[in-house]
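In what follows, a structure is listed as structure tokens, so that the remarks can point back to it.
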Amino acid sequence: MNREIKETYRVGVVTLSDKGARGERQDESGPEICRMLMEEGQGRYEVTHSLLLPDDQEAIEGTLIQLCDKEGLDLILTTGGTGFSLRDVTPEATMAVATRNAPGIAEYMRAKSFAITPKAMVSRGVSVIRGRTLIINLPGSPKAVRENLGFILPALPHGLDILLGRDGECGVR
């Protein structure tokens, strides 16, 4: 069944990197997310905000709250800050602003990634809901972004439509 796209999803892309924020490293992951949404998202995604922040939990929390509550974005994709480094606080910041957990997305990304590399087990990314916004943490490398976003991109419209009240049917064939 081929469904006509009625509305797009407003998206924020947030890269978390101390070196990137200081200008010591070029952000490749954020632009990769934007490219994939444009090329593989079948016209469903409009990136309205693309930000680069340092690994600072308070700043990340404030930005996520702003993008969810004030900007009313439908989807926020973060990249970076999901590993074991002491400065990797993206999951903690994301959980702090969550109103509901959506663990299946992060679990699926880790499971699929583990088939590629055992290093997937050290990814701490989470997926949550704040109000009517879905927030998903992606890893920081462009390769891992391509893989992980590629895993979940086909299912995102269904979840977003349910979250936004555009669709309510999960069990229809």
Side-chain angles (χ1 to χ4, degrees), residues 5 7-85 87-94 97 102 105-106 108-110 112-113 115-117 119-120 122-130 133-157 159-160 163-164:
I5 300 169
E7 296 184 50
T8 59
Y9 307 109
R10 295 183 65 233
V11 181
V13 175
V14 182
T15 301
L16 293 312
S17 168
D18 285 334
K19 288 182 180 179
R22 289 192 304 260
E24 297 171 5
R25 176 187 296 158
Q26 183 175 351
D27 175 23
E28 296 178 20
S29 297
E32 183 63 20
I33 293 170
C34 295
R35 183 199 65 75
M36 286 183 71
L37 291 176
M38 186 171 50
E39 291 179 9
E40 299 175 33
Q42 302 172 357
R44 292 182 171 118
Y45 302 96
E46 176 191 2
V47 177
T48 61
H49 295 76
S50 184
L51 307 166
L52 175 59
L53 302 174
D55 294 296
D56 176 80
Q57 185 168 344
E58 189 174 312
I60 297 166
E61 289 177 23
T63 297
L64 293 175
I65 291 169
Q66 172 77 21
L67 294 174
C68 293
D69 299 356
K70 303 284 191 257
E71 301 297 331
L73 298 186
D74 305 315
L75 173 65
I76 299 172
L77 298 170
T78 70
T79 177
T82 61
F84 280 14
S85 165
R87 296 283 297 160
D88 289 337
V89 294
T90 303
E92 288 75 19
T94 303
V97 304
I105 298 168
Y108 184 72
M109 288 190 298
R110 264 188 292 279
K112 293 289 283 185
S113 294
I116 298 168
T117 176
K119 292 179 183 177
V122 298
S123 175
R124 300 180 318 106
V126 299
S127 46
V128 304
I129 296 167
R130 179 179 174 89
T133 306
L134 177 61
I135 306 170
I136 301 170
N137 299 157
L138 296 168
S141 80
K143 177 184 182 292
V145 161
R146 279 189 297 278
E147 292 167 354
N148 284 268
L149 186 54
F151 299 147
I152 64 171
L153 203 52
L156 283 183
L160 288 168
L163 177 63
L164 298 170

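No hydrogens, no waters, no symmetry mates; every other heavy atom, side chains included, goes into these values.
Separating the CD atom in E61 from the CG atom in D56 is a distance of 9.0 Å, to the nearest 0.5 Å. Expressed to the nearest 0.5 Å, how far CD of Q57 lies from CG of D88 amounts to 12.0 Å. Rounded to the nearest 0.5 angstrom, L37 CG and L75 CG are separated by 7.0 Å. Annotation: the span from E7 atom CD to E46 atom CD amounts to 11.5 Å, rounded to 0.5 Å. Separating the OG1 atom in T133 from the CG atom in D74 is a distance of 7.0 Å, to the nearest 0.5 Å. Taking CD of E28 as the reference point, atom OG of S17 lies at 11.0 Å (rounded to 0.5 Å).
Using bins of under 30°, 30° to 60° and over 60° for the plane-to-plane angle, the ring pair F151/Y108 lands in the perpendicular bin.
By the 4.5 Å heavy-atom criterion applied to side chains, T78 and L16 are counted as neighbours. Annotation: side chain of L134 is in contact with side chain of L156 (closest heavy-atom distance under 4.5 Å). In this structure the side chain of I135 never reaches within 4.5 angstrom of the side chain of V126, judged on heavy atoms. Annotation: side chain of L77 is not in contact with side chain of Y45 (no heavy-atom distance under 4.5 Å). Counting only heavy atoms from C-beta outward, the side chains of R35 and E40 approach each other to under 4.5 Å. Counting heavy atoms from C-beta on, the side chains of I76 and E71 never come closer than 4.5 Å.
For P139 against T79, the heavy-atom pair with the smallest separation is O-OG1, 2.6 Å. Shown here for V13 and C34, the closest heavy-atom pair between the two residues is CG2-SG, 4.0 Å. Nearest heavy atoms, L138 versus L149: CD2-N, 4.2 Å. Taking both residues in full, the closest heavy atoms of R87 and D55 are given as NH2-O, 2.8 Å, listed atom of the first, atom of the second, then distance. Taking both residues in full, the closest heavy atoms of G30 and T15 are given as CA-OG1, 3.5 Å, listed atom of the first, atom of the second, then distance. For the residue pair P142 and E32, the shortest heavy atom distance occurs at O-CG, 4.2 Å.
Of the possible donor and acceptor atoms, none in the side chain of R22 sits under 3.5 Å from a partner among the backbone N and O of P54.
Taking a cutoff of 4.0 Å between a charged side-chain nitrogen and a carboxylate oxygen, D69 and R130 qualify as a salt bridge.
Heavy atoms from other residues, nucleotides or ligands lying under 6.0 Å from CD of E39 number more than 12. Annotation for Q26: atom CD does not count as buried by contact number, only 12 or fewer foreign heavy atoms lying within 6.0 Å.
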Take R124 and E92 through the test salt bridge (charged side-chain N to carboxylate O under 4.0 Å, His left out) and record every step on the way to the result. CA-CA 9 Å; R124 300 180 318 106; E92 288 75 19; 2.6 Å; yes

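For the residue pair N148/S113, the side-chain donor-acceptor check at 3.5 Å is satisfied. Side chain to side chain, N137 and T82 fail the donor-acceptor criterion of an N or O pair below 3.5 Å.
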